[in-house]
Amino acid sequence: MSAKVRVRFAPSPTGPLHIGGVRTALFNYLFAKKHDGDFILRIEDTDQNRYVEGAEEYIIEALNWCNIPYDEGPGKEKSYGPYRQSQRKDLYQKYAQQLIDSGHAYYAFDTPDQLAALRTEYEEKGETFIYNWHNRDHLNNSLALSKEDTQKKLNSGEAFVIRFKVPQNQEINLRDEIRGEMKVNTQVLDDKVLFKSDGMPTYHLANIVDDHLMDITHVIRGEEWLPSLPLHQLLYQAFGWDVPKFAHLPLILKPKGQGKLSKRDGDKLGFPVFPLAWTDPKTGEVSTGYREEGYFPEAVINMLAFLGWNEGEGSEKQFYSLSELIQAFSLQHVSKGGSKFDPDKTKWFQHHYMQQATVEKLVEDLQKILDEKNINSSKSHLHKVVELLQERATFVEDFWNQGSYFFQPPTSFDEKAMKKAWKSDTPALMKDLLNQLEEVEDFSQENLQAEIKTWITSKEIGFGKIMQPFRLSLVGSMQGPDVFAIAALIGKEETIARIEKAIDFTNDQ
């Protein structure tokens with residue numbers, strides 16, 4: 001086995017990549033980079049019935065968006081390729097035959113109907129049918145048949161599968177890097193199918209062969225594969241190969257904690273479970289993604305890292321850059337138990353990274369939103385808007401949702417605010433304010449504030465009587481940053497035009 005650390009992420013292209021899969025890819029990536037190793041992407045597409053068009057491209061795009069690109073894989077071919085199992089299928093038959101020749105596997109000719117009948121028969125007795133040591137010598141397979149009868153069946157083209165011959169009554173010592181030592185007796189294992197009647201390997205055979213041929217040193221995968229660990233270790237031993245180290249990651253649980261997080265949970269509670277949006281090619285159903293919802297990849301990665309890992313006792317650090325995660329990561333600090341998914345915590349991470357983002361980056365992102373709306377604005381104007389709103393923003397979309405009035409006048413006025421702020425004497429006061437604004441030459445925030453506040457004080461009227469309708473005129477509601485900052489940014493001409501429009505609007509009511 002390679003002295004260099006080599007790990008792989010091996011998804012099936014059966015649909016969009018769930019964030020649980022992204023978390024598995026992330027932990028593989030962090031482990032590889034921590035140990036100066038290689039992170040490999042292998043596409044496990046042996047089950048052609050479940051293959052979904054576009055899923056492989058989606059997986060690659062998702063990893064790239066998350067900033068966890070692979071070192072080897074489709075499009076990054078190296079000497080261990082090809083990296084799609086469907087392009088490696090000629091390899092697997094040879095290894096299945098090797099297991100038959102060494103007595104570790106056998107041909108099974110049982111038809112689906114025969115197996116269904118056996119399951120029914122066992123159920124009627126209150127038992128569960130398991131194809132293994134206690135019945136395999138009496139079933140329709142090469143262990144029960146003579147060599148001649150087996151050969152006749154093979155020559156005649158009769159359908160068969162190749163099953164692994166699990167040793168009888170053997171204690172297997174297993175080790176998981178997260179869960180520690182375990183023991184399993186082979187009496188409880190079934191003789192899994194390794195090679196199917198359609199000439200394709202099952203996951204178990206293809207996985208072991210590929211991991212061996214690709215020099216994989218550590219298999220870091222989801223907890224759902226833990227029951228397969230005894231079989232996989234037996235397969236390595238049957239081939240006489242070095243066994244890699246295994247680590248099975250805990251489940252990502254529903255927000256309430258019961259059961260594995262699913263797409264249904266996201267649909268019901270209104271959060272994405274996919275990194276990118278996905279359109280189902282069969283139904284046309286669109287599922288949203290973190291990218292399209294406006295999340296930064298850094299926020300998603302930071303959130304995922306904490307689903308099942310922390311730096312250790314005493315550490316209160318919450319925010320990690322990718323390079324910090326690489327330095328801090330270890331399998332010893334991955335938890336055994338599942339982790340509840342918390343959509344609010346994800347937004348909390350997003351808000352943090354919004355505050356860390358450069359104004360230049362946010363200006364670029366906001367520009368894209370304005371382009372879609374056919375709104376022209378100068379870079380310097382956008383720069384000032386971002387600086388004013390960044391502190392209260394969580395998503396780039398918030399700059400528009402909370403600050404559209406910086407780019408266009410309000411088209412309506414909040415009804416509740418209007419009732420509260422716009423009294424019978426307000427139009428006259430607003431006209432007085434207009435006269436004051438006309439006189440102001442230096443329309444900067446500081447000067448506007450000084451001049452208008454001095455004027456209000458001299459009039460001996462409450463600040464609210466001027467400031468509330470002033471804000472309402474500019475914004476259309478009572479939201480937004482300092483009203484003098486808004487006026488300064490939209491400029492004297494626009495400020496006056498909006499107040500006049502508000503007066504006209506109320507006169508028409």
Side-chain angles (χ1 to χ4, degrees), residues 92 95-147 149-150 160-197 201-209 211-212 219 221-251 336-338:
Y92 307 120
Y95 288 100
Q97 188 61 50
Q98 188 178 317
L99 290 173
I100 284 179
D101 294 344
S102 65
H104 289 101
Y106 57 93
Y107 296 108
F109 302 96
D110 317 86
T111 65
D113 288 345
Q114 286 171 337
L115 293 173
L118 281 165
R119 285 190 194 98
T120 303
E121 186 186 314
Y122 273 67
E123 277 168 20
E124 285 169 357
K125 292 187 285 186
E127 297 171 6
T128 302
F129 172 72
I130 300 176
Y131 202 128
N132 67 1
W133 59 273
H134 83 283
N135 58 21
R136 63 192 174 203
D137 291 338
H138 313 293
L139 297 174
N140 191 6
N141 59 54
S142 59
L143 298 176
L145 297 165
S146 67
K147 276 190 179 177
D149 286 344
T150 298
F160 67 86
V161 297
I162 295 175
R163 287 182 180 273
F164 185 64
K165 187 182 177 185
V166 174
Q168 188 175 341
N169 197 20
Q170 193 181 102
E171 194 90 346
I172 314 173
N173 294 310
L174 303 166
R175 174 165 176 78
D176 182 276
E177 296 299 301
I178 295 165
R179 292 150 208 282
E181 309 292 333
M182 294 170 279
K183 285 182 189 295
V184 174
N185 192 290
T186 57
Q187 300 292 77
V188 300
L189 303 178
D190 60 332
D191 289 0
K192 288 276 189 232
V193 173
L194 301 179
F195 209 78
K196 297 178 284 188
S197 54
T202 61
Y203 168 84
H204 302 292
L205 178 67
N207 188 271
I208 297 306
V209 169
D211 282 349
H212 171 70
V219 175
R221 60 190 180 184
E223 184 184 297
E224 61 270 26
W225 294 111
L226 194 56
S228 302
L229 182 55
L231 169 66
H232 292 179
Q233 183 160 309
L234 287 170
L235 276 166
Y236 276 104
Q237 290 166 352
F239 281 119
W241 296 338
D242 289 338
V243 182
K245 291 183 176 177
F246 286 92
H248 291 85
L249 306 175
L251 293 175
K336 297 182 184 76

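Residues take their numbers from the sequence shown, with the count starting at 1.
- Using a 4.5 Å cut-off on side-chain heavy atoms (C-beta onward), F129 and D190 make no contact.
- Looking at every heavy atom in both residues, F195 comes nearest to A96 through CD1-CB, 4.1 Å.
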One pair to check against side chain to side chain contact (heavy atoms under 4.5 Å, CB included): F239 and H212. What are the steps and the verdict? CA-CA 10 Å; F239 281 119; H212 171 70; over 6 Å; no
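- Panel note: side chain N140, backbone T111; no donor-acceptor pair is recorded below 3.5 Å.
- Between E123 and K125 there is no salt bridge, since no side-chain N of the basic residue sits under 4.0 Å from a carboxylate O of the acidic one.
- Annotation: the span from R221 atom CZ to D211 atom CG amounts to 8.0 Å, rounded to 0.5 Å.
- Of all heavy-atom pairs spanning N132 and L189, the tightest one is ND2-O, 2.9 Å.
- In this structure, Q233 contributes its side chain and N173 its backbone to a donor-acceptor pair below 3.5 Å.
- Judged purely by atom type and a 3.5 angstrom limit, D176 uses its side chain to pair as donor or acceptor with the backbone of H248.
- In this structure, H232 and Y203 have tilted ring planes: the angle between them lies in the 30° to 60° band.
- Looking at S102 and H104, their side chains do bring a donor and an acceptor atom within 3.5 Å of each other.
- Of the inter-residue distances, the one linking N141 atom CG with K165 atom NZ reads 10.0 Å to the nearest 0.5 angstrom.
- One N or O on the side chain of T186 and one on the backbone of Q170 form a donor-acceptor pair closer than 3.5 Å.
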Please assess E121 against R119 for the test salt bridge (Lys or Arg N to Asp or Glu O under 4.0 Å), listing each intermediate value before the final yes or no. CA-CA 5 Å; E121 186 186 314; R119 285 190 194 98; over 6 Å; no
Is there a side chain to side chain contact (heavy atoms under 4.5 Å, CB included) between Y106 and I100 once you walk through the steps? CA-CA 6 Å; Y106 57 93; I100 284 179; 5.7 Å; no
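- Between the CG atom in D110 and the CZ atom in R163 there is a gap of 6.5 Å [rounded to 0.5 Å].
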Considering only distance and modelled atom types, tabulate donor-acceptor pairs under 3.5 Å from the side chains of residues 224-231, sequence neighbours left out.
none

Worked check of side chain to side chain contact (heavy atoms under 4.5 Å, CB included) between N135 and L118: CA-CA 11 Å; N135 58 21; L118 281 165; over 6 Å; no
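- Of all heavy-atom pairs between A247 and I178, the closest is CB-CD1, 3.9 Å.
- A heavy-atom distance below 4.5 Å is not found between the side chains of R175 and M182.
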Go through the steps to decide whether K183 and N185 satisfy the test side chain to side chain contact (heavy atoms under 4.5 Å, CB included), and finish with yes or no. CA-CA 7 Å; K183 285 182 189 295; N185 192 290; over 6 Å; no
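- Panel note: side chain W133, backbone V166; no donor-acceptor pair is recorded below 3.5 Å.
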